[in-house]
Amino acid sequence: MEITITKAKELKPKPADESKLGFGKLFTDHMFNMDYAPDEGWHNPRIEPYASFQMDPATMVLHYGQAIFEGLKGYRTEAGHIQLFRPQENFHRSNSSNRLLCIPEIDEKFALNALKQLITVEKDWVPSAPGTSLYIRPTVIATDVFLGVRASSTYRFFIILSPVGAYYPGGFNPVKIWVSTRHVRAVRGGVGEAKTPGNYAASLHAGDQAQKRGYTQVLWLDGVEQKYVEEVGSMNIFFVIGGELVTPALNGSILPGVTRDSVIALARLWGIPCTERRVAIREVLDAQIQGQSVEVFGTGTAAVISPVGIIKFGNEVVEIGDNEVGPVTERFYKELTDIQYGRAEDPLGWIEPVC
Ligand SMILES: *Cc1c(COP(=O)(O)O)cnc(C)c1O
């Protein structure tokens, strides 16, 4: 399938001060769109000026949430080139999400090629100040105009791009997290392992409660026993306990993060013992209370690594590793960001050059 390209007549001014970019507020001049109909399959792939959608109020996605999305980043190297980090994994995961949401799959190589063409059109939008990047949001939505619960028969796949600022402008500092014992993010057998909007809507209330108490994120426990750690905010979670790296095993309610997988792969490469298993929140807090060396961090595309300094569980407030960034946490952050920006070798073949 040939992708048609229609250029915008007028381009928006690029941001003058890249230190003020923030996250997710500014979008580039063009987007990618492609449609699905039962008789045509995925068709009419096109790069065209970024524009609003006009939608019938009865469009199914607005009512039943049949949609999936992805999040990845483009990085500008010191030499001025643009590169992606493991983008194949994102398009592979979006098809897992598609299957779970009854959305027709999209050819992964085609989607990656479309993204690379879009970024090439928008290359001047990729910022270059330290820590900045181009956030990429591929999305699929159900577009039938119909009220009633069933899978839609038509869909729109689109990709939008947003230049974003450094995640840690004020330094790489630990956050405070609140363990929710009332709310759960997802349950086994549900859609927790898909990147689908409903999961995020379902997390807002607990997030609000955490923020009202002065905590940055919610630490989510399993939906059955509420004993075992699942994720933190919208990130996967890791623990370093007595020199061993531990992360909750993928159990159907945890989102399989690309950053999570990359941390595990680097740990194996470095010879750090790493296990994927069930982790009780009690085990982590007790290890810290008993004086073992403990580190806790979240992983996700936006932050890469997010160190955790304080955990509140019921009436207990436990400080992790003196509320400072631990050496293992720091090492993963440095290595991953060095690979992403092309400052370090790419030992596992993760970099996809764009232009
Ligand atoms: C996207 C996401 C992650 C992190 O995935 P990455 O591929 O590492 O960005 C973790 N948990 C949830 C719930 C997510 O939505």
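We count ligands from 1, going down the list as the structure has it; atoms in each ligand are counted the same way. Predicted model, so just to flag it, every value in this text is computed and none were measured.
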Exercise for review: Fit a plane to each ring of His205 and His183, take the angle between them on a 0 to 90° scale, and name the class: parallel (under 30°), tilted (30 to 60°) or perpendicular (over 60°).
Suggested key: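 It falls in the perpendicular class, over 60°.
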Review point. Ring centres of Phe157 and Phe110 under 6.0 Å apart?
Key: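 When the ring centroids of Phe157 and Phe110 are compared, they turn out to be at least 6.0 Å apart.
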Revision key, fill the gap. Tightest non-hydrogen contact, residues Glu18 and Thr132, listed as O-CG2, 3.9 Å
Review point. Do Glu276 and Arg260 meet the salt-bridge criterion of a basic N to acidic O distance under 4.0 Å?
Key: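 Answer for the salt bridge query: yes.
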Check your understanding: Any salt bridge (charged side-chain N to carboxylate O under 4.0 Å, His left out) pairs touching residues 301-322, not counting sequence neighbours?
Key ->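 Passing the test, one end in residues 301-322: Arg282-Glu316.
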Pairwise, report which nitrogen or oxygen atoms of ligand 1 are under 3.5 angstrom from protein nitrogen or oxygen atoms, and how far apart they are.
from, atom 1, to, atom 2, distance (Å)
ligand 1, 7 (O), Arg93, NH1, 2.8
ligand 1, 7 (O), Arg93, NH2, 3.1
ligand 1, 7 (O), Val258, N, 2.8
ligand 1, 8 (O), Val258, N, 3.3
ligand 1, 8 (O), Thr259, N, 2.9
ligand 1, 8 (O), Thr259, OG1, 2.6
ligand 1, 9 (O), Thr301, N, 2.9
ligand 1, 9 (O), Thr301, OG1, 2.6
ligand 1, 11 (N), Glu231, OE1, 2.5
ligand 1, 11 (N), Ser234, O, 3.4
ligand 1, 15 (O), Lys195, NZ, 2.7
ligand 1, 15 (O), Tyr200, OH, 2.3

Point to revise | Option passing side-chain contact (heavy atoms from CB on, under 4.5 Å) with Phe238 (candidates Val296, Val246, Leu245) | key: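 The option that passes is Leu245.
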